[in-house]
Amino acid sequence: VDLDALEGTADAGVWSITTDPSGGIATVTAVGGDRFNLNGGAAGNYVLTYTIPGTGGACPANPTLSITVNALPAVSVNDASICLGGGAATFTATSATATSYVWSANGNGTNPTTTGTTAGNYTVVVTDANTCSNTATGVLTIDALPAVSVNDASICIGGGAATFTA
């Protein structure tokens, strides 16, 4: 998050994290302006304070900014296998918080399930109520049909049983 854009100007002030649910993983850095970097930290509510050096924190007042970092929606997709020439496999995206589904890479549609007969990846992007998105992929494997041969046999009426070997 570009903090200078939020304050409206790039001045002598300094942002610091005063509440950090990540346990110190998140940082504020001055790279092309003040930037809040989550750095793989936890979801939660981060509070940042803006201080102008030399004022003792009294003039102007130290404004605070709250940044809510939402977790990505958890999602999984099953793998499947079918026999060559067989019916379609069904892939199901499982997510407790998803509000929308978009399939790509062999899958299609906007439902939690899609079907397919093409080997490869079936990828879904899910989005939750916070507009956070995450992806998951299931893989379709197509198994070759087994090679089977059966011998021919002939018998006479009243004769013994025919034996077939596969």
Side-chain angles (χ1 to χ4, degrees), residues 1-11 13-52 61-148 166:
V1 174
D2 183 348
L3 300 171
D4 282 340
L6 295 174
E7 69 189 56
T9 182
D11 53 32
V14 176
W15 286 97
S16 60
I17 301 173
T18 53
T19 302
D20 184 354
S22 75
I25 294 173
T27 60
V28 174
T29 57
V31 177
D34 293 326
R35 303 252 182 227
F36 171 73
N37 298 306
L38 189 57
N39 299 326
N45 192 36
Y46 294 77
V47 177
L48 287 77
T49 302
Y50 186 72
T51 305
I52 297 179
N62 290 349
T64 61
L65 171 68
S66 178
I67 298 175
T68 300
V69 177
N70 297 305
L72 294 177
V75 60
S76 63
V77 175
N78 60 291
D79 292 331
S81 63
I82 59 173
C83 289
L84 181 65
T90 299
F91 293 90
T92 302
T94 303
S95 175
T97 59
T99 57
S100 71
Y101 303 82
V102 178
W103 289 93
S104 62
N106 292 322
N108 62 56
T110 56
N111 294 312
T113 61
T114 191
T115 59
T117 57
T118 302
N121 293 338
Y122 287 72
T123 300
V124 67
V125 176
V126 299
T127 303
D128 66 12
N130 297 315
T131 67
C132 296
S133 297
N134 203 358
T135 63
T137 300
V139 178
L140 177 59
T141 302
I142 299 182
D143 299 324
L145 295 174
V148 177

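Counting from 1, the numbers follow the sequence of the chain as shown.
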Going by side-chain hydrogen bond (donor to acceptor under 3.5 Å, both in side chains), name the residues that satisfy it together with [X], two or more places apart in sequence or in a different chain.
X      : answer
Thr131 : none
Ser100 : none
Ser66  : Asn45

Original post:
So which pairs with a foot in residues 133-147 pass side chain to side chain donor-acceptor pair (under 3.5 Å), sequence neighbours left out?
Top reply: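 Qualifying pairs: Thr123-Thr137, Thr127-Ser133.
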
Taking side chain to side chain contact (heavy atoms under 4.5 Å, CB included) as the definition, give me every residue that meets it alongside [X], ordered by chain and number, with sequence neighbours left out.
X      : result
Cys132 : Asn70, Leu72, Pro73, Asp128, Asn130
Thr92  : Asn78, Thr90, Thr94, Thr113
Asn108 : Thr114
Ala88  : Thr115, Thr117

**OP:** Grab the two heavy atoms, one from Pro21 and one from Ala42, that are nearest each other, plus how far apart they are.
**Re:**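 The answer is O-CB, 3.9 Å.
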
Original post:
Which heavy atom of Ile82 sits nearest a heavy atom of Ala89, and at what distance?
Top reply: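 Nearest heavy atoms, Ile82 then Ala89: CG2-CB, 3.7 Å.
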
Subject >> Qualifying ring-ring contact (aromatic ring centres under 6.0 Å, His included) pairs with a residue from residues 69-90, counting only residues at least two apart or across chains >> reply: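 Applying ring-ring contact (aromatic ring centres under 6.0 Å, His included) to every pair that reaches into residues 69-90, excluding sequence neighbours, yields nothing.
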
**OP:** Scan for ring-ring contact (aromatic ring centres under 6.0 Å, His included) pairs involving residues 77-124, sequence neighbours excluded, and state none if there are none.
**Re:**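 Those involving residues 77-124 are Phe91-Tyr122.
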
Original post:
Heavy-atom distance under 4.5 Å between the side chains of Val124 and Val75, does that happen here?
Top reply: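 The answer is yes, as the side chains (C-beta and beyond) meet within the 4.5 Å cut-off.
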
**OP:** Using a 4.5 Å cut-off on heavy atoms from C-beta on, say whether the side chain of Thr118 contacts that of Leu140.
**Re:**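 Counting from C-beta outward, Leu140 and Thr118 never come under 4.5 Å.
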
